[in-house]
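Written out below as structure tokens is the structure these notes cover.
Just so we're clear, the structure is a prediction, and the values are computed from it rather than from any experiment.
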Amino acid sequence: MMMLSYLILVGLLALVVVVNGNVWPTRDAERAMHPVFSLTDGSRHKRAMPLINFDAYKTEENYAEYWETMAHQTLEQQLESKMRVNTQMAKNVMLFLGDGMSIPTITAGRVYLGGEEKQFSFEQFPYVGLSKTYCANMQVADSACTATAYLGGIKANYGTVGVSAAVHNKDCQAQADRSHHVASIAAWAQQQGMATGFVTTTSVTHASPAGVYAHIAHRNWENDAEIISDNGDPTICPDIAYQLIHGQVGQKLNVIMGGGRENFLPQITRDRSGAPGKRADGRNLIEEWQRQHTNSAHFVQTRSELLKLSNRTSRVLGLFAPYHMPYHLDSLEADAEQPTLEEMVQMAMNILERQSAGRGYFLFVEGGRIDHGHHDTLALRAIDETAEFDKSVKWARTHSSTEDTLIVVTADHSHTMSLAGYSSRKNDIFGINNGQLADDDLPYATLSYANGPGYASNYLREGGAVKRKNLRSINMKNKDFMFPSTVPLESETHGGDDVAVFASGPYSQLFTGVYEQHFIPHAMGYASCLSDKRNMCLDSGVTRRPK
């Protein structure tokens, strides 16, 4: 052991030289930072994999003209899109949220689509910015405080939704104080007579969609039993499901789609899948929703029921799972009766367009299970969910006008997944890095996490020492493979880095630059004349006032 420590110390000293008391980097240190991959002579460097082909993906990429032509095409596209600034009022506004869709997730997703040069549809939007995601009281955010930011326009405390930072986690009395409630952009839209709705792949009572309609001191208070378990009083601080059915915003929503049946059913009741309800108050909130509305409002639980809705449907409550909807990769195998996110968005837009009566609509769409895949270090699932999310964005953009419909695509927070190493082009993004071996002479994964449960499944103990498993003997393409993590945690954490914001349509130019996350709904509200603090519009928000 002492000999090993000595060798490590000698290695470190070799990377620096001390001159006149100052430590200066050496050329050897620089070479270690940037490995050499000239393997045509058959030689092998200690940490390089043998005889790897790093040829260009396409022959034309060997020539400067290929890249120059591409750059000129991009320049023309940029000039065309930036020279025509759209300052028309946004009649319709759609906010697409990839929960946990970090920038590395987008990058890895491109390779999943077919190559490093690929693009998601939202990456082709003309305007891009960066959003700072921290909570009012936390450096790294959760999906609750961020929902309050990008939907309500203020920074809130970790774990709280739709309330100001005056409300701390689990403070029932503070939640009950209406002066602490924060109105979302959906509420602003309803005040202008617009149709409103949301779609998610999580429970409809989860933190992100709750930001549309709820005011809650703890994101886990999705049903009254959860409040009681925290010694709270549901009659003072109503749960999220109750607020969705009876709240001022929730009861006016035209579209509600996602999972979460259990939070609307009493404990003595089982849903169509056999799962028991969670409510302790004995109430069936689904039946209460049905009694609230006319015969043109429909409750649906399956894909076929959703797709069979008539064009006279005024409202829909679609609850397609006991809690979260299954991952796309699982739904392909398990239940053909689960609608895809794209299908839910299609139906939502059709209903909202009809019900808007020309006054426009607001739609919130969440690809919520990107986040869950990352928490379990299931990178394949997370990135496949990102690809599914993009399908819904693409459909929405191609079936709406850029002249009158603003679409904003963003994430609430990042994750700790990174892409590392020096792999060749088109290397399997879910495989091993094919450019290097690690110092232990074992390959390492291109994708890895700073922390999370992937630690336990990728390390083993031999003779009291902790060693990495040989990834060559592991099926990394298994959708249940947990990618390696550095720090052992039951659940991988969020990351604190900025997330991207992509915008297309009226006033999409407002979303460039680097800004606080809570700026987003204010910019959307300006584009669509939803702010009552500015005298921007005529005729109650139907026409923008000329400048």
Side-chain angles (χ1 to χ4, degrees), residues 95-109 120 122-123 125 127-165 167-169 182 184-185 200 202 206-212 214 216 218-219 364-375 382-383 385-386 389 393 408-418 449-452 489 491-503 510-525:
L95 175 60
F96 284 77
L97 183 91
D99 196 315
M101 189 179 68
S102 61
I103 291 176
T105 300
I106 296 171
T107 304
F120 287 112
F122 55 80
E123 292 185 275
F125 286 7
Y127 296 99
V128 183
L130 289 174
S131 163
K132 297 189 285 184
T133 63
Y134 61 91
C135 302
N137 66 340
M138 296 284 280
Q139 196 171 71
V140 176
D142 76 326
S143 294
C145 75
T146 53
T148 311
Y150 61 74
L151 287 166
I154 67 109
K155 292 268 187 179
N157 291 328
Y158 185 95
T160 66
V161 181
V163 290
S164 71
V167 178
H168 293 280
N169 205 23
V182 175
S184 75
I185 187 172
T200 179
T202 68
H206 213 231
S208 301
V212 173
I216 202 81
H218 186 41
R219 58 177 291 172
F364 173 68
V365 179
E366 182 198 23
R369 306 224 62 195
I370 301 169
D371 175 70
H372 298 164
H374 280 318
H375 277 305
I383 292 170
E385 290 295 307
T386 306
F389 171 74
V393 177
V408 178
V409 179
T410 188
D412 46 357
H413 53 72
S414 69
H415 274 274
T416 71
M417 188 195 77
S418 66
Y449 291 82
N451 55 52
L489 281 179
S491 178
E492 180 262 359
T493 71
H494 296 165
D497 35 311
D498 298 350
V499 296
V501 184
F502 306 87
L510 296 178
F511 297 90
T512 58
V514 181
Y515 38 80
E516 300 288 353
Q517 190 172 49
H518 74 280
F519 164 75
I520 292 173
H522 294 286
M524 292 189 296

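The two residues Val365 and Phe389 have their closest heavy-atom pair at O-CE1, 4.3 Å. Taking every heavy atom of both residues into account, Met101 and Thr410 meet most closely at CE-O, 4.0 Å.
Looking at Val501 and Tyr515, their side chains come closer than 4.5 Å, going by heavy atoms from C-beta outward. Within the 4.5 Å cutoff, no side-chain heavy atoms of Val182 are placed close to those of Thr160. For the pair Thr202/Pro209, a side-chain contact is recorded, criterion being any heavy-atom separation below 4.5 Å from C-beta on.
Applying the salt bridge (Lys or Arg N to Asp or Glu O under 4.0 Å) rule to Asp142 yields the partners Arg219; only residues at least two apart in sequence or on another chain are considered. Contacts of Thr146 classified as side chain to side chain donor-acceptor pair (under 3.5 Å), with partners at least two apart in sequence or in another chain: none. Considering only residues two or more places apart in sequence or on other chains, Ser184 meets the side chain to side chain donor-acceptor pair (under 3.5 Å) condition with none of them. Taking the salt bridge (Lys or Arg N to Asp or Glu O under 4.0 Å) definition, one finds that Glu123 meets it with Arg110, sequence neighbours left out. For Thr493, the side chain to side chain contact (heavy atoms under 4.5 Å, CB included) criterion is met by Thr416, Asn451, Leu489, not counting sequence neighbours. Under the rule for a side chain to side chain donor-acceptor pair (under 3.5 Å), the partners of Asn169 that lie at least two apart in sequence or sit in another chain are His218. Applying the side chain to side chain contact (heavy atoms under 4.5 Å, CB included) criterion to Ser208, with sequence neighbours excluded, gives Leu97, Asp99, Ser143, Tyr150, Phe364, Glu366, Asp412. Tyr449 meets the ring pair (Phe, Tyr, Trp, His ring centres under 6.0 Å) test with His374; sequence neighbours excluded. Not counting sequence neighbours, the partners of Asn137 by the side chain to side chain contact (heavy atoms under 4.5 Å, CB included) test are Cys135, Asn157, Tyr158. Every residue two or more places apart in sequence or in another chain was checked for a side chain to side chain donor-acceptor pair (under 3.5 Å) with Gln517, and none qualifies. Applying the ring pair (Phe, Tyr, Trp, His ring centres under 6.0 Å) test to His518 and every residue at least two apart in sequence or in another chain returns nothing.
At least one donor-acceptor pair closer than 3.5 Å links the side chain of Thr148 to the backbone N or O of Gly162.
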Inset, instruction - Go through the steps for Phe502 and Phe125 under the test ring-ring contact (aromatic ring centres under 6.0 Å, His included), then give the verdict. - result: CA-CA 6 Å; Phe502 306 87; Phe125 286 7; 7.3 Å; no
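How far NE2 of His522 is from CD1 of Ile520: 10.5 Å, rounded to the nearest 0.5 Å. Rounded to the nearest 0.5 Å, atoms OG1 (Thr105) and NE2 (His415) are 7.0 Å apart. Of the inter-residue distances, the one linking Asp497 atom CG with Tyr134 atom OH reads 15.0 Å to the nearest 0.5 angstrom.
Every pair passing salt bridge (Lys or Arg N to Asp or Glu O under 4.0 Å) that includes a residue from residues 144-165 is listed here, sequence neighbours excluded: Lys155-Glu516.
Ring geometry for His375 against His494 counts as tilted: the plane angle lies between 30° and 60°, on a 0 to 90° scale.
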